[in-house]
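Here the structure is laid out as structure tokens; the discussion comes afterwards.
A, B, ... follow the sequence lines: proteins, then strands. Residue 1 opens every chain. Here the structure is a predicted model, which is why all the values come from computation and not from measurement.
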Amino acid sequence: MTIKIFNTLSRKIENFTPINGNEVKMYSCGPTVYDYAHIGNLRYFVFVDLLKRILKEAGYSLYQVMNITDIDDKTIKRANEKGVDFHEISLKYEKIFFEDLEKLKCSRPDLAPRATDEIDFMSEMIQFLIEKGYAYESSGSVYFSLASYPEYGKLSKLDLSKVKIGARVDVDTYEKESPGDFALWKGKKDNEPSYKMPFGEGRPGWHIECSAISRKHLGEQFDIHTGGVDLIFPHHENEKAQSEAFCGVKTVNYWIHSEYLIVEGKKMSKSLGNFYTLRELEDRGFDYDSVRYMLISSHYRAQLNFTITGLKAAESTISNIKVFVQHLMAGGEGSVDLVDMVREHEKAFFDALMDDLGIGNALSHLFIIINNINSADPLKVNAATKEAVIKAFTRFNTILDISQLEMTENKIPADVNTLAQERYQARQDKDYSRADELRGEITEMGYIVEDTPKGFILRKMDE
RNA sequence: GGCGGCAUAGCCAAGUGGUAAGGCGGCGGUCUGCAAAAUCGCUAUUCACCCGUUCAAAUCGGGUUGCCGCCUCCA
């Protein structure tokens, strides 16, 4: 299947074609591990997970590398505040980061190198860039010279001659040749970790980390580079400049960025108090599936307005899906045939995903299948239809990966089933007080019994 | 000041030329001994506003308004 995807470089939706046949090499900007990931970070990682799953569904083999930024202003600042080595901070939050990913069913990258483990290669790149005149040393730091690289600005569509330097951030210009030049290497400062290199003692700049790690582990040219939209400028623009100056070729074919997540209509910030982490949502009683569903179900290029109301809606939605699944698994012994309908929407689901990850459109086909089966009554569809739905939903779940979509047989403990049988008999005998008593016992055991004209259906209550 | 994006029901949201998907919520009904659950149906003559192109516009062009993002280390 051909995937269509929006490329930030062209600002157009393009047909995706890997460099090397069936193999896709992808680099994803990873976390700075200095604190708990917030829901906006997590939105990005869920998007990356969705993209990976769709690539695999389309038949590609995938190799993904994601950097772990363990040395930068934030990890150092946090370490100094706590009076500990910065590794102590970064290792702690790296571990928590991967736990969060796992909770949200985001598959791990194939390789996740830490910046501090790749400093030798960064050094090689920096030395080369200095030798070739792309970079210069000044006051102990090394800067990339924008003047040496005319392609600069193509990714972010910024015309530096028209940009107001320092419109939002103060820029130190005294030691740079030009205000737009950015640091490859930051000269040693007190209270900061440093490494001795031929061009001086210090620590790496942020952008060189991604250039070095992607070059080393994916080669000079690879297929996909992902990040949040906020990274387009300056991070990816800078990274692109360094990498292409070093490699002498176009290094990335598809730049793919996910939009911001906002909270209750406003940009998330600690001062507004609308800063959610996964564990805070957990404390409020939401489960991971609800969070995953909410984050995955809106288009990656649209701003996602995260609200508690919305999260509750997501919870209801997937809970309803689960009820349907349980009904279907109890049915399928009738004669109504809807196999063609199911197959048609199964195909449409994946067609939508291949079109620039059209998840909203795709999901509508899942619900259309549910509505059509429900209209016919899950108890009345034939075995072939039931099988078709199981097959379709199982495939859907290779993308969505929520427990509510798992097509497992209703596993009802024998004692619960016996109670339900007794209750059924009691109802036949019109001994309703006994029936209610038995229903109470079944509820106690965590099951819901539903009466139908033909008997009863048992299903497990949500935990 | 420069660059870019968005505006579809109570809320979320798909749709980019052929007559408004889907989800949540709400309302009404069905089933039921009752409660609950479940289920069925209904829920935008209309896509921010104005002008234009077209047989045909939410979709294309021009303009207006409003909101948002980026402009040098924030996913």
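Note on K430(A): nothing from the nucleic acid sits closer than 4.0 angstrom, heavy atoms only. The residue S258(A) sits apart from the nucleic acid: no heavy atom pair falls under 4.0 Å. As judged by a 4.0 angstrom heavy-atom cut-off over every strand, N41(A) is placed among the base-contacting residues. Using a 4.0 Å heavy-atom criterion, one finds that L261(A) contacts the bases of the nucleic acid, with or without backbone contacts as well. Among the heavy atoms of the strands, none lies under 4.0 Å from G310(A). No contact: H365(A) has no heavy atom under 4.0 Å from any strand.
The base of G33(B) sits with one of its N or O atoms less than 3.5 Å from a complementary donor or acceptor on the side chain of D436(A).
Distance NE2 (H236(A)) to P (C74(B)): 13 Å, rounded to an integer number of Å. Rounded to an integer number of Å, the gap from CZ of F144(A) to P of U72(B) is 18 Å. Look at CG on D100(A): it is 14 Å from C1' on A75(B), rounded to the nearest Å. Atom pair H235(A):NE2 and C70(B):P shows a separation of 17 Å (rounding to whole Å applied).
Residues of residues 185-193 of chain A that place a heavy atom closer than 4.0 Å to RNA chain B, in numerical order, are K186(A). Sorted by residue number, the members of residues 370-379 of chain A with any non-hydrogen atom under 4.0 Å from RNA chain B read N371(A), N374(A), S375(A).
T307(A) is linked by a side-chain contact (heavy atoms from CB on, under 4.5 Å) to E264(A), N305(A), T309(A), counting only residues two or more places apart in sequence or in another chain.
Considering D49(A), D287(A), D100(A) in turn, D49(A) is the only one that fulfils the salt bridge (charged side-chain N to carboxylate O under 4.0 Å, His left out) rule with R292(A). Each of K103(A), R395(A), R53(A) was evaluated against D401(A); a single residue qualifies, R53(A), per the salt bridge (charged side-chain N to carboxylate O under 4.0 Å, His left out) test.
Ionic pairing of E81(A) and K77(A) is present here: one or more N-O contacts between side-chain nitrogen and carboxylate oxygen are shorter than 4.0 angstrom. D35(A) has no carboxylate O lying under 4.0 Å from a charged side-chain N of K74(A), or vice versa, which leaves the two without a salt bridge. We find that D289(A) and K105(A) are joined by a salt bridge, their nearest charged nitrogen and carboxylate oxygen being less than 4.0 Å apart. Between K186(A) and D73(A), at least one side-chain nitrogen of the basic residue sits less than 4.0 Å from a carboxylate oxygen of the acidic one, meeting the salt-bridge criterion. Contact check on D451(A) versus R423(A) returns a salt bridge, with a Lys/Arg side-chain nitrogen under 4.0 Å from an Asp/Glu carboxylate oxygen.
The shortest non-hydrogen separation linking R434(A) to E422(A) is NH2-OE1, 3.3 Å.
Judged by distance alone, the side chains of E259(A) and H299(A) never bring a donor and an acceptor atom under 3.5 Å apart. A donor-acceptor contact closer than 3.5 angstrom is absent between the side chains of Y36(A) and E280(A). Side-chain atoms of T251(A) and S243(A) include no donor-acceptor pair closer than 3.5 Å. For the residue pair E14(A) / S10(A), a side-chain donor-acceptor distance below 3.5 Å is found, with atom types taken as modelled.
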Study note, to complete from the structure: In B/S/- notation (B base, S sugar-phosphate only, - none; protein heavy atoms under 4.0 Å), nucleotides 5-16 of chain B written 5' to 3' is --------SS--

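Cation-pi contact between R459(A) and Y447(A): absent, since separation from the ring centre below 6.0 Å together with deviation from the ring axis within 45° is not met.
The ring-ring contact (aromatic ring centres under 6.0 Å, His included) contacts involving residues 357-376 of chain A comprise H345(A)-H365(A), where partners must be two or more places apart or lie in separate chains.
Stacking annotation: Y432(A) is stacked on the base of G33(B) (ring centroids less than 5.5 angstrom apart, interplanar angle below 30 degrees).
With A75(B), A35(B), C71(B) as the candidates, the nucleotide lying closest to the side chain of R439(A) is A35(B). Among the nucleotides A75(B), C73(B), A38(B), the one closest to the side chain of D230(A) is A75(B). Distance from the side chain of I448(A) is smallest for A37(B) among the nucleotides C73(B), G23(B), A37(B). Closest to the side chain of Y260(A), from the set C74(B), U72(B), A21(B), is C74(B). For S316(A), whose side chain is taken as the heavy atoms from C-beta onward, the closest listed nucleotide among G22(B), A75(B), G25(B) is G25(B).
Counting only Watson-Crick and G-U wobble pairs whose two distances sit under 3.5 Å, RNA chain B takes part in these stems of three or more pairs: B:1-7 with B:65-71, B:10-12 with B:22-24, B:25-30 with B:38-43, B:48-52 with B:60-64.
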